[in-house]
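Scroll down for the structure; my scribbles are underneath it.
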Amino acid sequence: MGYVPGRFDRDGAEDMDRIAKTIFAPVYPVIARQIIEQCGFSRGRCLDIGSGPGSLGIALAQASDLAVTLLDSSPEMIAVAGGNVREAGLSARVALLSGDVHEIPLPDGSVDLAVSRGSLFFWEDLPRAFSEIHRVLAPGGKTYVGGGFGTAELRDAIAATMERANPEWRSFRDRNLGTDNRERVAGILADLGFCHRLVSDDSGFWIVMEKER
Ligand code: SAM
């Protein structure tokens, strides 16, 4: 079965896992390094929201001393992520959590670094999702939430491969990462009034929020 954006059942989880381990594989260590550089965290509690098979959270755990929790609303994705965590030998430092970003099953102030790649395009209520993320952040905690491929070279190589398999893929990507959506998300963040800055460059589109101390 070919990868279909937005399908998060068992087939969708297996397809996402397959592309995360092949076509998308080089992206995660690059983005993990960018997160550590941009946010300045290499230890503490990290939450990977909409983790899918867990590739970003696992890359972050491998590149740092962070204790990572993988959160996803799809139990099938969490099941696949569990296998990947065990395979990476990271069960002591990477935990699994089923749940929705709109109602994160964690206490206030329990996360130092909240990351998310490629998931926010599926969130139904962005103001509520970002308010929940802000709630679980500890004072001084940061986010790196958005989408992208790390570099222009990776983005273009992945686009060429993905488009061969699914001609719709580029329009899906352009809808999510295009100027209109970046401006829409920027407007929502401005209205919420949380302290943040936007990274909008060849690495992708990322929201770096910082919770007041
Ligand atoms: N972050 C992974 C990556 O970059 O490889 C997976 C990205 S996948 C395109 C999007 C993921 O977001 C899916 O695993 C999906 O189940 C999850 N997701 C979608 N809506 C969600 C929500 N409301 N709360 C938590 N996870 C959600």
Side-chain angles (χ1 to χ4, degrees), residues 1-35 46-62 68-85 88 94-106 111 113-133 135-136 143-151 154-155 158-159 161-162 165-166 168-169 172-173 175-177 181 185 188 203-207:
M1 172 92 56
Y3 174 68
V4 180
R7 210 191 52 218
F8 305 133
D9 58 7
R10 209 183 68 178
D11 285 343
E14 282 170 8
D15 284 336
M16 184 72 229
D17 190 43
R18 182 175 49 76
I19 63 166
K21 286 177 175 156
T22 53
I23 305 166
F24 281 47
V27 155
Y28 302 104
V30 170
I31 297 177
R33 274 198 304 278
Q34 289 169 342
I35 292 174
C46 172
L47 181 67
D48 179 3
I49 303 167
S51 65
S55 318
L56 180 59
I58 289 171
L60 269 167
Q62 285 167 334
V68 179
T69 298
L70 306 178
L71 172 79
D72 204 286
S73 54
S74 157
E76 289 84 1
M77 290 285 185
I78 287 292
V80 170
N84 291 336
V85 170
V94 180
L96 305 167
L97 185 60
S98 268
D100 196 298
V101 67
H102 301 94
E103 204 167 337
I104 300 175
L106 288 174
V111 170
L113 175 64
V115 304
S116 181
R117 178 193 168 276
S119 185
L120 89 115
F121 312 118
F122 303 100
W123 300 349
E124 277 166 18
D125 183 343
L126 286 183
R128 182 164 163 200
F130 283 113
S131 300
E132 267 297 90
I133 295 171
R135 177 185 69 74
V136 300
T143 69
Y144 199 86
V145 171
F149 301 91
T151 67
L154 285 169
R155 178 195 64 209
I158 287 170
T161 309
M162 291 301 284
N166 178 357
E168 307 284 297
W169 191 79
F172 167 76
R173 186 202 71 180
R175 203 168 53 245
N176 289 339
L177 286 170
N181 205 31
V185 175
I188 290 169
S203 71
F205 178 59
W206 305 99
I207 296 139

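Atoms within each ligand, like the ligands themselves, are counted from 1 in listed order. Counting begins at 1 with the first residue of the sequence. Just so it is clear, the values below take in all heavy atoms, side chains as well, and ignore hydrogens, waters and symmetry mates. Model, not experiment: these values are computed from the prediction.
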Inset, instruction - Taking all heavy atoms of I31 and all of L56, pick out the closest pair and write down the distance. - result: CG2-CD1, 4.0 Å

Legend entry - Sub-4.0 Å atoms of ligand 1 with respect to non-hydrogen atoms of M77: 14 (O)

Legend entry - Atom of A81, atom of G54 and distance for their closest heavy-atom approach: CB-N, 4.2 Å

Inset, instruction - Take every heavy atom of Y28, measure it against each atom of ligand 1, and state whether any distance is under 4.0 Å. - result: yes

Legend entry - Polar proximity ligand 1 side, D72 side, N/O cut 3.5 Å exclusive: yes

Inset, instruction - Taking only heavy atoms of G52 into account, list the atoms of ligand 1 that are under 4.0 Å away from them. - result: 6 (C), 14 (O)

Inset, instruction - Search all heavy atoms of P75 against all heavy atoms of S98 and return the closest pair with its distance. - result: CA-OG, 4.3 Å

Inset, instruction - Provide the number and element of each atom of ligand 1 under 4.0 Å from a heavy atom of S74. - result: 16 (O)

Legend entry - Heavy-atom side-chain proximity of F121 to L177 below 4.5 angstrom: yes

Legend entry - Of the listed options S119, G12, G50, closest to atom 19 (C) of ligand 1 (non-hydrogen atoms): S119

Inset, instruction - Taking only heavy atoms of G118 into account, list the atoms of ligand 1 that are under 4.0 Å away from them. - result: 9 (C), 10 (C)

Inset, instruction - Taking only heavy atoms of H102 into account, list the atoms of ligand 1 that are under 4.0 Å away from them. - result: 23 (N)

Legend entry - ligand 1 atoms in contact with G99 (distance to a heavy atom under 4.0 Å): 25 (C)

Legend entry - Note, V145 side chain near F130 side chain (heavy atom, < 4.5 Å): yes

Inset, instruction - May I ask you to check if ligand 1 and P53 share an N or O to N or O distance below 3.5 Å? - result: no

Legend entry - Proximity winner for atom 27 (C) of ligand 1, if only heavy atoms of A13, S73, A20, S55 are counted: S73

Inset, instruction - For M16, counting its heavy atoms only, list the atoms of ligand 1 lying under 4.0 Å from any of them. - result: 5 (O), 8 (S)

Inset, instruction - Evaluate the side-chain proximity of R173 to M162: yes if any heavy-atom separation is below 4.5 Å, no if none is. - result: no

Inset, instruction - Among L47, I49, D48, find the one that has a side-chain contact (heavy atoms from CB on, under 4.5 Å) with S51. - result: D48

Inset, instruction - Of all the heavy-atom pairs spanning P53 and A20, show the shortest one and how long it is. - result: CG-CB, 4.4 Å

Legend entry - Lys/Arg cation over aromatic Y144: R117, 6.0 Å, 45° cone: no

Inset, instruction - Please verify whether a non-hydrogen atom of D100 lies at under 4.0 Å from ligand 1. - result: yes

